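Quick notes on the structure that follows.
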Amino acid sequence: MPPRQRDAVVLARVQHQLQRVYAELPFYRRHYDAHGFHPDQVRSLEDFTTLVPVITKKDLVADQAAHPPFGSYLGVDRDQVARVHGSSGTSGVPTMYGVSHRDWARCGQAMAMGLWCAGFRPGDMVQVTFPFTMFFGGWGNVQALELLGAGCFPTGSMVATERQIEFLHALDVDAVIATPSYLAHLAHRAEELGTPVRDTRVELALVGGEPGGSIPAVRSRLREQWGDLAVVDGAAGSTSEMYPFLTNIGCLQEPGGGVHLFQDENYTEVVDRDDPNVPVTVGLPGAVVATHLWRESQPMIRFWTGDEGLLDDAPCRCGRTYPRLPGASSAGSTTCW
């Protein structure tokens, strides 16, 4: 879609979300009233950036403490919740994520679209080593792979490294989903066992959960260890709050890393680090702010992710017209400004 045409779609979705959260979600109504903002003020995407106050992880944690378990921004009745996930709570009380049935279905479609962008295809055998715990990562990728028509082998993080290596060889696995550090660990241990991963069929790796997918030195090292491996960054510049995070996804035509931003799914802005209502010129670094355009359950509207990056709107060789976030910090950081 031409960017200008897509911007019109994004604006319509932004306006719809603002009206809904103000009318139906007490968290947002209180927040907007406190900042003297009303959704009727947004008539352009520039208005959206310059007028709408951001929300932070601290805001969400405080609201869930006052209105447990999901806060006053769940947005749907409790009996409409299909999935409950959560943060690890390393900085305190875990944050609970409630996802409605409709949102979970849409998340699967968006994640499958992201996997296609990354190079996954029907018939691929994919080993998923992300943990199957409170974290979205493993579960979301399994759902997306099933929708895509790929074969999914969800080993998770509890299977011993040696057994993971055995499975890579025995099942003729085509692709792996893992953190960059675990891919490096698998390769190192496989060398020690005399069963190098270079001898497997693995040609594609989707990496996320930590920095590395867009760091040239890390990508180069993984290719050395695994052979002719395509390393694609998944979800850089996103967070669990912004699930489905594969709307930030790399492609096989970007050898340097970075991610495409599916702006008509989750809308990403880059703003001034000290003032989130000041946009940053394309090509200059700043703080990443993100918005759900269609989620009805716990929608994030201008969420301060804690990540940094810059927008690149140059054409991509893959043909997608989405802007890119080259070299962004990885998902998971939720430091508040």
Side-chain angles (χ1 to χ4, degrees), residues 57 85-91 94-95 97 111 114-115 118 120 126-142 144 154-159 161 164 175-190 197 202 204-226 229-251 254 256-261 266 268 285 287-288 290 303-310 324-336:
K57 178 77 168 186
H85 289 271
S87 69
S88 60
T90 53
S91 59
T95 304
Y97 308 126
M111 292 279 284
L115 289 180
F120 292 79
V126 185
Q127 191 159 321
V128 182
T129 70
F130 279 165
F132 290 90
T133 56
M134 292 172 65
F135 174 52
F136 276 114
W139 305 103
N141 279 289
V142 166
T155 58
S157 60
M158 299 303 291
V159 174
T161 297
Q164 298 265 17
V176 178
I177 297 177
T179 63
S181 61
Y182 192 58
L183 284 179
H185 176 64
L186 283 170
H188 177 72
R189 183 62 180 138
V197 291
V202 176
L204 173 63
L206 178 70
V207 298
E210 65 187 27
S214 291
I215 298 175
V218 174
R219 294 164 60 85
S220 177
R221 178 58 175 160
L222 290 175
R223 284 193 293 268
E224 289 176 7
Q225 293 175 315
W226 285 76
L229 181 70
V231 180
V232 178
D233 198 351
S238 188
T239 68
S240 291
E241 286 80 10
M242 287 308 304
Y243 191 79
F245 37 66
L246 287 191
T247 55
N248 294 16
I249 187 72
C251 75
E254 283 297 309
V259 295
H260 285 280
L261 301 171
N266 289 347
T268 299
V288 176
F303 177 66
W304 182 276
T305 67
D307 292 326
E308 294 190 352
L310 59 86
R324 289 167 293 157
L325 201 66
S329 56
S330 181
S333 171
T334 50
T335 304
C336 298

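Everything numeric in this text was worked out from a predicted model, so none of it was measured.
The only member of L183, V176, L186, V197 that meets side chain to side chain contact (heavy atoms under 4.5 Å, CB included) when paired with V202 is V176. Applying side chain to side chain contact (heavy atoms under 4.5 Å, CB included) to I249 and the options L115, L261, L206 leaves one that passes, L206.
With rounding to the nearest 0.5 angstrom, the CG atom of L325 is 11.0 Å from the CD atom of E308.
When all heavy atoms of Q164 and G156 are compared, the closest pair comes out as NE2-O, 3.0 Å. Taking both residues in full, the closest heavy atoms of Q225 and A184 are given as OE1-CA, 3.4 Å, listed atom of the first, atom of the second, then distance. Residues W226 and A187 share a closest heavy-atom pair of NE1-CB, 3.7 Å.
Taking the side chain as every heavy atom from C-beta outward, I177 and F120 approach each other to under 4.5 Å. Side-chain contact check for P326 versus L310: some heavy-atom pair is nearer than 4.5 Å. Residues H85 and Y243 form no side-chain contact, since every pair of their non-hydrogen atoms from C-beta on lies 4.5 Å or further apart.
Applying the side chain to side chain contact (heavy atoms under 4.5 Å, CB included) criterion to S157, with sequence neighbours excluded, gives P131.
Ring orientation note: the planes of F245 and F136 are nearly perpendicular, at an angle over 60° on the 30°/60° scale.
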* To do: Assess whether side-chain hydrogen bond (donor to acceptor under 3.5 Å, both in side chains) is satisfied between E210 and S181, documenting all intermediate values.
  => CA-CA 8 Å; E210 65 187 27; S181 61; 2.7 Å; yes
